[in-house]
Student: 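Quick one: this structure, given as structure tokens, is what I'll be asking you about.
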Amino acid sequence: MENICAIATPYGSGAISIIRTSGPDAISLVNNIFKGPNLEETEANTIVYGHIVENSEIVDEVMVSVFRAPRSFDGENSCEINCHGGVFVTHEVLRVLLENGFRLAEPGEFSKRAFLNHKMDLTEAESIMDIVSAENKLALKSSMNALNSSVHKLVSSFRAELLDLLAKIEVNIDYPEYDDAVDVTNNYLLPHLIELTEKMQVVLDNSKISKIVLQGIKTAIVGRPNVGKSSLLNMLLDEDKAIVSNIAGTTRDVVEGHVNLGEISLHLLDTAGIRKSDDAIESIGIQKSKDTINEADLVILVLDVSQELTDEDKDLIELIGNKPHIFVANKSDLAAMWQKEDIVYISAKNKQGLLELKDAIYKATAIDTFSLNNPTLNNLRQINLMERAKKSLNNAYTSCLNQMDVALIEIDLKDAFDALGEITGEAYPDELITALFTKFCLGK
């Protein structure tokens, strides 16, 4: 195992910078360039004062934390050097380390070593990334739950049930003469498969909500021209992000913005007004608007309550279909020409109706039902793998109904068992691990 180092704090000037080191010889190598207490004799999990030196010259005044294997973040011997936070001095300390036995860590290599040394599983490693990128309180709390092994415990419980079934099948196949063994028949498997599949479906349903809590709600603001889409975007962002004009077709491309509303995050997409147009450029924007509707988690359809509903409005209502959506009646400060149930009345011009719109967003996305006590997965990789496991169980269920041989049904059970193992990293292809940890920043 090589000795690695990397800057663990963001680039730029600050009070301190932290340089993380790890490897079998990490403590002794840092000790070679450290003037102060002997790090090799320093008690583990303590911090000591001294200087980083090069050719007897002081490079910087530092504090060094010492961690000994296996009781460290990644299970390796480790030192964390707290130096002054200037860009130049930080890189000088890093340079001295690189010239004295260390190599620069690859992105995510510290976390990868923690995984390989069984200090954490893949779900806990992914939760570190989620904590760093959390944009709201719910996302942070959900990520902390995953770091505390909530996903690991959930997946392990499903694998334990499958392992029990697989073991009983193997006993039936290998030791048919064993009288005390459970006779694993199609009828015996069916209720177990039904129960396990139902529990997985509950997790998957909860996870769809958890996913948008963590990643934010991709929200498309749509409507025909001049109903106030850009004004609504500006109201939500509390800034003049989009051009507002009485001229139809002003917005020709998708304008993006980001806002936190309490415990949720919205990735806002203000789209070109959707109408029939002979303008080639405007038509491209209109097609982009339609594509955005398909890709969005939530569609906010803006209608002008001061005008009668048009055929274009009605076409948009039909275009949205069953996607999660909110109907917003803008220009409520003017005389209303129509009324409609389940609609949010706002005046984007006067910035009225924001609280009502926020409540509607919670309900439309089911975030108001989200609870940290519900079992969830935290990203698309985990969700896809559990869906694969559930599909394998569905195949096994169908095979049971068709009275197929239990030895053949075992194949689907093993596929489900392996898919769940990929979630936590207990069964994983090497390329998955490489791809996952390269998403981390240096020093993680």
Student: Quick one: does Ile16's side chain get under 4.5 Å of Met63's, heavy atoms only?
Tutor: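 The answer is no; the side chains never approach within 4.5 Å.
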Student: Please name the pair of heavy atoms, one in Ser17 and one in Gly85, separated by the smallest distance, quoted to 0.1 Å.
Tutor: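 Smallest heavy-atom distance, with atoms named: OG-CA, 3.5 Å.
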Student: Would you please test Leu408 and Ser399 for side-chain contact (heavy atoms from CB on, under 4.5 Å) and show each step?
Tutor: CA-CA 8 Å; Leu408 296 175; Ser399 298; over 6 Å; no
Student: Starting at CG of Leu309, measure out to NZ of Lys340 and round the result to the nearest 0.5 Å.
Tutor: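 Leu309 atom CG to Lys340 atom NZ measures 7.5 Å (nearest 0.5 Å).
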Student: Provide the closest heavy-atom pair for Gly425 versus Phe115 in the form atom of the first, atom of the second, distance.
Tutor: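 In terms of heavy atoms, the two residues are closest at O-CZ, 3.6 Å.
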Student: For Leu232, run the side chain to side chain contact (heavy atoms under 4.5 Å, CB included) check against Val227, Leu268, Ile346 and tell me which one passes.
Tutor: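 The passing option is Ile346.
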Student: What salt bridge (charged side-chain N to carboxylate O under 4.0 Å, His left out) pairs are there with at least one residue in residues 79-95, not counting sequence neighbours?
Tutor: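 Non-adjacent pairs meeting salt bridge (charged side-chain N to carboxylate O under 4.0 Å, His left out): Arg20-Glu80, Glu54-Arg95, Glu92-Arg95, Arg95-Glu99.
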Student: Which pair of heavy atoms, one from Phe102 and one from Ala26, lies closest together, and at what distance?
Tutor: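 Shortest heavy-atom separation between Phe102 and Ala26 comes out as CZ-O, 3.7 Å.
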Student: Please check this pair: side chain of Asn77 against backbone of Ala69, looking for a donor-acceptor N/O pair closer than 3.5 Å.
Tutor: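 Indeed, once roles are kept as given, a pair shorter than 3.5 Å links the two residues.
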Student: Answer yes or no: is there a donor N or O on one side and an acceptor on the other, between the side chain of Thr9 and the main chain of Ile18, under 3.5 Å?
Tutor: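 It does hold such a pair.
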Student: Can you tell if the side chain of Asn226 reaches within under 4.5 Å of the side chain of Asp304, non-hydrogen atoms only?
Tutor: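 Contact flag for Asn226/Asp304 side chains = no.
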Student: Parallel under 30°, tilted from 30 to 60°, perpendicular over 60°: which one fits the rings of Tyr345 and Trp338?
Tutor: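 Tilted.
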Student: A side-chain contact here means heavy atoms from C-beta on lying under 4.5 Å apart; do Asn186 and Ile409 qualify?
Tutor: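 Side-chain contact under 4.5 Å: yes.
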Student: Could you walk me through whether Asp205 and Val202 pass the side-chain contact (heavy atoms from CB on, under 4.5 Å) test, one step at a time?
Tutor: CA-CA 5 Å; Asp205 290 341; Val202 169; 5.7 Å; no
Student: Surrounding NZ of Lys363 (heavy atoms of other residues, nucleotides or ligands, distance under 6.0 Å), is the total greater than 12?
Tutor: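 Result for NZ/Lys363: open.
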Student: Could you tell me if the side chain of Glu2 sits less than 4.5 Å from the side chain of Glu109, heavy atoms only?
Tutor: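 Sidechains of Glu2 and Glu109: no contact.
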Student: Among pairs that include at least one residue of residues 387-398, which meet salt bridge (charged side-chain N to carboxylate O under 4.0 Å, His left out), considering only residues two or more places apart or in two chains?
Tutor: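 Non-adjacent pairs meeting salt bridge (charged side-chain N to carboxylate O under 4.0 Å, His left out): Arg388-Glu422.
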Student: Side-chain contact, heavy-atom cut-off 4.5 Å: Leu420 with Met386?
Tutor: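 The answer is yes, as the side chains (C-beta and beyond) meet within the 4.5 Å cut-off.
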Student: Evaluate side-chain contact (heavy atoms from CB on, under 4.5 Å) for Ser22 paired with Met1, printing each intermediate quantity in order.
Tutor: CA-CA 10 Å; Ser22 178; Met1 187 74 72; over 6 Å; no
Student: Ignoring hydrogens and geometry, is there a side-chain-to-backbone donor-acceptor pair from Asp297 to Lys218 under 3.5 Å?
Tutor: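 Indeed, once roles are kept as given, a pair shorter than 3.5 Å links the two residues.
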Student: Do the non-hydrogen side-chain atoms of Asn117 and Phe73 ever get within less than 4.5 Å of each other?
Tutor: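 Answer no - side chains too far apart.
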Student: Do Ser207 side-chain atoms and Leu377 backbone N/O form a donor-acceptor pair below 3.5 Å?
Tutor: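 Yes.
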Student: Is atom CD of Gln403 surrounded by more than 12 heavy atoms (other residues, nucleotides or ligands) closer than 6.0 Å?
Tutor: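 Enclosed.
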Student: For Asp342, is the CG atom crowded, meaning more than 12 foreign heavy atoms sit under 6.0 Å from it?
Tutor: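 Open: at most 12 neighbouring heavy atoms sit under 6.0 Å from CG of Asp342.
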Student: Can you confirm whether more than 12 heavy atoms, excluding those of Phe158, are under 6.0 Å from its CZ atom?
Tutor: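 Check passes, neighbour count above 12.
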Student: Does any donor atom in the side chain of Asp415 or Ser392 lie under 3.5 Å from an acceptor atom in the other side chain?
Tutor: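 No, no side-chain donor-acceptor contact under 3.5 Å.
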Student: Which distance, rounded to the nearest 0.5 Å, do you find between the CE of Met404 and the CD1 of Ile411?
Tutor: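 Rounded to the nearest 0.5 Å, the CE-CD1 separation comes to 8.5 Å.
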Student: Where the side chain of Asp313 meets the backbone of Leu303, is there a donor-acceptor pair that is under 3.5 Å apart?
Tutor: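 Looks like no, no N/O pair under 3.5 Å.
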Student: When rounded to the nearest 0.5 angstrom, what distance separates CG in Asn206 from CG in Leu154?
Tutor: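 If we round to the nearest 0.5 Å, Asn206:CG and Leu154:CG are 10.0 Å apart.
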Student: Is there a side-chain contact between Leu334 and Val305 (heavy atoms, below 4.5 Å)?
Tutor: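 No, too far: nothing below the 4.5 Å cut-off.
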Student: Might you confirm whether atom NZ of Lys199 has over 12 heavy atoms from other residues, nucleotides or ligands at distances under 6.0 Å?
Tutor: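 Yes, enclosed.
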Student: Test your reading of the model: is there a side-chain donor-acceptor pair from Ser156 to the backbone of Lys153, 3.5 Å cut-off?
Tutor: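 Answer holds: no.
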Student: For the side chain of Lys119 and the backbone of Glu76, is there at least one donor-acceptor N/O pair under 3.5 Å apart?
Tutor: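 Not confirmed, Lys119 side chain does not pair with Glu76 backbone.
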Student: If you take all heavy atoms of Cys400 and Leu190, which pair is closest and at what distance?
Tutor: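 It is CB-CD2, 3.6 Å.
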Student: Can you tell me how far apart CG (Leu122) and CD1 (Ile423) are? Round to the nearest 0.5 Å.
Tutor: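 Between atom CG of Leu122 and atom CD1 of Ile423 there are 10.0 Å.
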Student: Quick check: do Leu413 and Leu393 have side-chain heavy atoms less than 4.5 Å from each other?
Tutor: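 A side-chain contact under 4.5 Å exists here.
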Student: For the pair Ile361 and Leu298, evaluate side-chain contact (heavy atoms from CB on, under 4.5 Å) and give the outcome as yes or no after the intermediate values.
Tutor: CA-CA 8 Å; Ile361 291 171; Leu298 174 68; 4.0 Å; yes
Student: For a salt bridge (charged side-chain N to carboxylate O under 4.0 Å, His left out) check, start with the C-alpha distance between Lys314 and Glu318, then their side-chain angles and the critical distance, and finish with the verdict.
Tutor: CA-CA 6 Å; Lys314 295 173 184 176; Glu318 185 175 341; over 6 Å; no
Student: Do any N or O atoms from the side chain of Asp60 and from the backbone of His84 form a donor-acceptor pair under 3.5 angstrom?
Tutor: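 Yes, because the side chain of Asp60 sits within donor-acceptor range (under 3.5 Å) of the backbone of His84.
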Student: Charged N to carboxylate O below 4.0 Å: is that the case for Lys168 and Asp164?
Tutor: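 Between Asp164 and Lys168 there is a salt bridge, with a charged N closer than 4.0 Å to a carboxylate O.
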Student: If you look at every heavy atom in Arg224 and Leu316, which pair is closest and at what distance?
Tutor: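 Looking at all heavy atoms of both residues, the closest pair is N-CD1, 3.5 Å.
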Student: Within a reach of under 6.0 Å around CG of Asn402, are more than 12 heavy atoms found that belong to other residues, nucleotides or ligands?
Tutor: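 Counting other residues, nucleotides and ligands, CG of Asn402 exceeds 12 neighbours.
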Student: Any Lys/Arg nitrogen of Arg381 or Glu126 sitting under 4.0 Å from an Asp/Glu carboxylate oxygen of the other?
Tutor: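 So Arg381 pairs with Glu126 through a salt bridge.
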Student: Taking atom CD1 of Ile81 and atom OG1 of Thr90, what is their separation to the nearest 0.5 Å?
Tutor: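 That separation rounds to 11.0 Å.
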Student: Which atom names give the shortest non-hydrogen contact between Cys83 and Ile19, and what distance separates them?
Tutor: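 Residues Cys83 and Ile19, closest heavy atoms: SG-CD1, 4.4 Å.
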Student: Is it the case that Thr123 and Asp121 place a side-chain donor and acceptor less than 3.5 Å from each other?
Tutor: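 Per modelled atom types, Thr123 and Asp121 side chains form a pair under 3.5 Å.
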Student: Return the CG to OG1 distance between Asn3 and Thr21, rounded to the nearest 0.5 Å.
Tutor: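 Between atom CG of Asn3 and atom OG1 of Thr21 there are 8.0 Å.
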